[in-house]
Amino acid sequence: MDLVYTPKQQAFRAEVRSWLAANLPKAPLASYDTREGFEQHREWERRLFENRLSMVMWPEALGGRGCDLIEWLIFEEEYYGAGAPMRVNQNGQLLLGPTLMEFGTEAQKQRFLPRMAASDDMWAQGWSEPNAGSDMAAITSKATLSADGTHYILNGQKTWSTRAIFADWVFGLFRSEAGSSRHHGLSYLMAPLDAPGVTIRPIIALNGKQAFAEIFFDDVKVPVENRIGEEGQGWHVAMATAGFERGLLLRSPARFQATARKLVSLYQANRASADRDPSIRDAVCEAWMGAEAYALSAYHTVGRLAKGAKIGAEASTNKIVWSELDLKMHETAMRILGPRGELLADAPEAGADAAGWLDGFLFAQAGPIYAGTNEIQRNIIAERMLGLPKS
């Protein structure tokens with residue numbers, strides 16, 4: 001596939017590359033799974049917003065730049081190619097934002113999207129519950145409509161909510177129809193995390209940081225205006241959000257291309273020891289080819305979308321590809337580092353690289369689980385794309 005860019009696209013690439021070269025933080029930001037690092041990343045997001053580079057594909061009136069998806073891919077390539085900080089407000093900007101674009105009222109768009117683009121509001125997602133992980137239809141948290149119809153009363157618990165300990169708002173599904181079951185009777189609501197009756201408890205991740213949290217709702221009042229879509233339409237809205245998560249937006253190809261390039265460099269720096277096992281060289285080559293193939297697939301998908309197509313069940317194939325590719329690359333890096341990898345991560349003389357690979361390896365373990373387990377995604381592919389019967 002030959003990629004030919006227009007003069008406008010080439011100029012946009014040059015602009016982004018130049019701005020990043022002049023504005024990247026001089027030192028790496030702290031982990032955004034810490035309070036200090038979270039706020040550092042929020043400030044970086046605000047700098048992007050001030051220069052119209054936060055959400056480049058959103059309309060200008062809502063805090064964006066009005067770019068098309070090809071220009072978004074170009075931005076991502078330059079952003080990750082420059083080693084810029086990870087995006088901390090992904091739950092809001094890349095999941096809830098497109099959902100509001102599609103299902104939100106005009107008032108909701110004006111109220112939430114500019115603040116989201118500027119990271120004035122940071123978002124967590126409230127999907128999983130203690131008895132409803134990948135099976136969101138098993139949700140039991142309740143949203144009871146008040147007698148006067150002006151607000152909901154939320155009760156229940158959400159868990160594995162990414163960075164909810166630091167966020168300002170949460171979005172998610174609640175059962176709003178008494179006696180309903182499965183995907184019926186659910187509503188999609190947004191709730192401020194500082195509301196009376198909200199309790200947040202951190203969940204410590206494998207790396208020891210507060211990457212996740214559980215959220216408890218005890219008679220929390222939420223205005224009806226905070227519902228996205230119609231009463232009971234939550235499942236339909238949530239499936240669109242899940243499509244954004246599994247498809248292009250949450251995990252752009254450039255992120256994995258950057259990791260693949262780092263992996264090649266790691267192999268080259270340790271080639272004498274790595275080549276004692278020829279399968280390591282093969283794994284490095286496969287990782288680089290996989291990242292490039294995923295990038296080309298993204299351009300193909302964007303071309304289809306430009307012609308009016310929609311991302312459907314094939315979002316599940318994307319999710320499997322990027323999650324397993326990420327895991328494979330980090331496993332290969334740990335094989336190159338060998339038994340010294342974990343020890344090097346804690347050694348000051350090792351620098352940030354070894355620690356970065358170890359943190360990435362630990363995070364990659366969750367990839368096949370979040371955004372819907374890969375087992376569930378394979379069921380979706382079998383049933384909806386291949387037409388195979390249910391067993």
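As the structure is a computational prediction, the values presented were derived from the model and not from experiment. Position 1 is the first residue of the sequence; numbering continues from there. Scope of the values below: all heavy atoms of this structure, side chains included, with no hydrogens, waters or symmetry mates.
Side-chain rings of Y188 and H236 stay apart, their centers remaining 6.0 Å or farther from each other.
A salt bridge links D168 to R42: one of the charged nitrogens lies within less than 4.0 Å of a carboxylate oxygen. The pair E43-R46 meets the salt-bridge criterion, since a charged nitrogen lies less than 4.0 angstrom from a carboxylate oxygen. Under the 4.0 Å criterion applied to side-chain N and carboxylate O atoms, E324 and K328 are not assigned as salt-bridge partners. Salt-bridge annotation for R182 and E177: absent, with no side-chain N of the basic residue lying under 4.0 Å from a carboxylate O of the acidic one. No salt bridge links D326 with R255; every basic N to acidic carboxylate O contact stays at or beyond 4.0 Å.
Residue K142 qualifies as open at atom NZ: its count of foreign heavy atoms under 6.0 Å is 12 or below. Atom CH2 of W160 sits in a sparse spot, with 12 or fewer heavy atoms from other residues, nucleotides or ligands closer than 6.0 Å. Taking a 6.0 Å sphere around CD of E230, one finds it holds 12 or fewer heavy atoms contributed by other residues, nucleotides or ligands. With a 6.0 Å radius and a threshold of 12 heavy atoms from other residues, nucleotides or ligands, W288 has its CH2 atom at or below the threshold.
Side-chain atoms of N155 and D218 include no donor-acceptor pair closer than 3.5 Å. Using modelled atom types and a 3.5 Å distance limit, the side chains of E231 and S176 yield a donor-acceptor pair. For the residue pair T140 and E129, a side-chain donor N or O sits within less than 3.5 Å of a side-chain acceptor on the partner. No side-chain donor-acceptor contact under 3.5 Å links N226 and Y152. Between Q257 and E292, the side chains place a donor N or O and an acceptor N or O closer than 3.5 Å (distance only, hydrogens not considered). In this model, no donor atom of one side chain and acceptor atom of the other lie less than 3.5 Å apart for T162 and Q125. Checked by atom type, the side-chain pair N89/E45 shows no donor-acceptor distance below 3.5 Å. Side chain to side chain, S180 and R175 meet the donor-acceptor criterion of an N or O pair below 3.5 Å.
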message: Before you tell me yes or no, could you show the steps for N51 and R65 under side-chain hydrogen bond (donor to acceptor under 3.5 Å, both in side chains), namely the whole-Å CA-CA distance, both residues' side-chain angles and the distance that decides it to 0.1 Å?
response: CA-CA 9 Å; N51 290 274; R65 193 185 180 101; over 6 Å; no
- request: Applying side chain to side chain contact (heavy atoms under 4.5 Å, CB included), run through M116 and W169 and close with a yes or a no.
  value: CA-CA 10 Å; M116 191 184 297; W169 285 77; over 6 Å; no
task: Show the numbers, then the answer: is there a side chain to side chain contact (heavy atoms under 4.5 Å, CB included) between W235 and V237?
output: CA-CA 5 Å; W235 182 262; V237 180; over 6 Å; no
- request: With side chain to side chain contact (heavy atoms under 4.5 Å, CB included) as the test, would you mind laying out the steps for W44 and L24 before giving the verdict?
  value: CA-CA 9 Å; W44 168 250; L24 280 180; 4.1 Å; yes
- request: Apply ring pair (Phe, Tyr, Trp, His ring centres under 6.0 Å) to the pair F171 and W127, showing each step before the final yes or no.
  value: CA-CA 8 Å; F171 62 89; W127 299 132; 5.7 Å; yes
message: Between W357 and H330, is the ring pair (Phe, Tyr, Trp, His ring centres under 6.0 Å) condition met? List the steps.
response: CA-CA 7 Å; W357 280 116; H330 284 89; 5.3 Å; yes
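Here the side chains of P253 and L73 are in contact, with some heavy-atom distance below 4.5 Å. Between N318 and Y294, some side-chain heavy-atom pair lies under the 4.5 Å cut-off. In this structure, the side chains of V88 and F38 come closer than 4.5 Å at one or more pairs of heavy atoms.
At distances below 3.5 Å, at least one donor-acceptor pair connects side-chain atoms of S265 with backbone N or O atoms of R261. Put simply, the side chain of R87 never gets that close to the backbone of Q93: no donor and acceptor are under 3.5 Å apart. For the pair T99 (side chain) and L95 (backbone), a donor-acceptor distance under 3.5 Å is present. Remark: side-chain polar atoms of R111 are not paired, donor with acceptor, to backbone N or O of L113 under 3.5 angstrom. Side-chain atoms of S323 come within 3.5 Å of backbone N or O of I320 as a donor-acceptor pair. For Q9 (side chain) and T6 (main-chain N/O), a donor-acceptor pair under 3.5 Å exists by modelled atom type. Side chain of S161 to backbone of A164: no donor-acceptor contact under 3.5 angstrom is found. Side chain of T159 to backbone of E214: no donor-acceptor contact under 3.5 angstrom is found. Side-chain atoms of Y79 come within 3.5 Å of backbone N or O of P85 as a donor-acceptor pair. A distance-only check finds a donor-acceptor pair linking the side chain of Q40 to the backbone of A30 [under 3.5 Å].
Under the 4.5 Å side-chain contact rule for hydrophobic residues, L193 and I203 do not share a cluster. In the hydrophobic clustering of ILVMFWY residues, with side-chain heavy atoms under 4.5 Å counting as a link, L266 and F256 come out together. Residues Y80 and M57 share a single hydrophobic cluster, defined by chaining ILVMFWY side chains whose heavy atoms lie under 4.5 Å apart. Linking Ile, Leu, Val, Met, Phe, Trp and Tyr residues whenever their side-chain heavy atoms come within less than 4.5 Å places F12 and L20 in a single cluster. By the rule that hydrophobic residues join a cluster once side-chain heavy atoms approach within less than 4.5 Å of another member, W19 and W58 end up as members of one cluster.
In this structure, R281 fails the cation-pi test against Y267, since its NZ or CZ atom is not both closer than 6.0 Å to the six-membered ring centre and inside 45 degrees of the ring normal. Annotation: cation-pi geometry satisfied between K158 and F174 (NZ/CZ under 6.0 angstrom from ring centroid, within 45° of ring axis). A cation-pi arrangement, defined by a distance under 6.0 Å to the six-membered ring centre and an angle within 45 degrees of its axis, is absent between R163 and F212.
Not counting sequence neighbours, the partners of K8 by the salt bridge (Lys or Arg N to Asp or Glu O under 4.0 Å) test are E71. With sequence neighbours excluded, no residue forms a ring pair (Phe, Tyr, Trp, His ring centres under 6.0 Å) with F49.
Here the straight-line distance linking atom CG of N23 with atom CZ of R47 works out to 5.0 Å at 0.5 Å rounding. Rounded to the nearest 0.5 angstrom, Q110 CD and T105 OG1 are separated by 9.5 Å. Atom CD1 in I280 sits 4.5 Å away from atom CZ in R335 (nearest 0.5 Å).
When L96, L62, I228, L100 are each tested for a side chain to side chain contact (heavy atoms under 4.5 Å, CB included) with F112, only one passes: L100.
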